[in-house]
Undergrad: 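What follows is a single structure, and I will ask about it in a moment.
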Amino acid sequence: MNKRIVFATSNEGKMKEVRMILADLGMEILSMKQAGLQADIVEDGTTFEENARIKALAIQKLCRQQALSDENESGETIVLADDSGLEVDFLGGAPGIYSARYMGEETSYEVKNRAIIDKLSEAEGEERSARFVCAIAAALPDGEVLTARGTIEGQIGYEAAGEGGFGYDPIFYLPKRGLTTAQLLPEEKNEISHRGKALGAMKELLKGKLGDKR
Ligand code: IMP
């Protein structure tokens with residue numbers, strides 16, 4: 001039925017993870033660059049799902065325009081887009097959908113992470129609960145949009161630790177492991193991450209849509 005999946009990201013790390021998880025769908029999986037697409041989309045939704053949906057629909061529109069101008073393209077593209085962030089309960093869910101923009105896009109994560117630790121100076125144990133959230137939207141060729149969500153629960157550490165991962169990983173502490181997500185190997189993080197879970201859930205939804213219940 002559908003020929004290809006375009007994942008709306010320019011991040012190669014994300015693409016690697018996406019290819020690994022979606023491999024058994026047996027579909028061609030392209031990055032924006034590989035699909036010859038470029039876009040600067042305003043993410044003005046109020047939830048992770050809304051933002052993922054806005055991105056997926058905008059890129060699906062570009063794919064249709066591309067198909068119209070290229071006879072070789074079938075236009076049968078499923079566009080996937082994600083939106084993710086960190087929710088800190090003690091901060092009322094902040095930075096949430098503003099995670100990338102928190103304290104300004106140019107501010108280093110060393111500074112952002114320090115600021116979050118400082119804001120939680122009065123919080124103890126369970127009061128430090130936090131989660132990474134990832135929503136993935138799939139814009140199907142017929143206009144339908146599917147969404148899936150994945151989360152990973154943890155706590156804000158008392159100190160930043162670890163060199164792996166990116167963003168808020170050094171302060172995202174997993175009490176059961178006694179480590180932050182920045183201290184996990186990439187494969188270990190992928191297995192339990194919000195993004196891995198959301199992609200897994202989306203894969204099941206897509207299998208259902210493609211009539212393939214393997
Ligand atoms: P985006 O969905 O790629 O735009 O990511 C949003 C922001 O959420 C990132 O810039 C990070 O600040 C934060 N974030 C999302 N996922 C992770 C993660 O796995 N580790 C650390 N930070 C993350």
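In what follows, every heavy atom counts, from backbone to side chain, and hydrogens, waters and symmetry copies are set aside. Remember, it's 1-based here, ligands and their atoms both numbered in the order they're listed. Model, not experiment: these values are computed from the prediction. Along the sequence shown, the residues carry numbers beginning at 1.
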Undergrad: Do other residues, nucleotides or ligands put more than 12 heavy atoms under 6.0 Å from Glu153 CD?
TA: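 Counting neighbours around CD of Glu153, more than 12 heavy atoms of other residues, nucleotides or ligands fall under 6.0 Å, so yes.
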Undergrad: Can you work out which protein residues put a heavy atom within less than 4.0 Å of ligand 1?
TA: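 Correct list: Lys14, Asp83, Ser84, Gly85, Ser99, Ala100, Tyr109, Phe132, Phe166, Gly167, Tyr168, Asp169, Lys189, His194, Arg195.
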Undergrad: Determine whether the side chains of Arg131 and Thr151 contain a donor N or O and an acceptor N or O closer than 3.5 Å.
TA: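 The criterion, which ignores hydrogens and geometry beyond distance, is not satisfied for Thr151 and Arg131.
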Undergrad: Indicate yes or no: does Arg4 engage Glu76 in a salt bridge with an N to O separation below 4.0 Å.
TA: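 Salt bridge absent between Arg4 and Glu76.
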Undergrad: With side chain to side chain donor-acceptor pair (under 3.5 Å) as the test, pick out the partner of Ser84 among Arg195, His194, Lys14.
TA: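 Exactly one candidate clears the test, Arg195.
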Undergrad: Could you list the residues that satisfy side chain to side chain contact (heavy atoms under 4.5 Å, CB included) with Glu159, not counting sequence neighbours?
TA: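 Residues passing side chain to side chain contact (heavy atoms under 4.5 Å, CB included) with Glu159: Arg114.
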Undergrad: Using the side chain to side chain contact (heavy atoms under 4.5 Å, CB included) rule, pick out the option among Ile41, Ile59, Val42 that qualifies with Ile54.
TA: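 It is Ile41, the one option of Ile41, Ile59, Val42 that forms the side chain to side chain contact (heavy atoms under 4.5 Å, CB included) with Ile54.
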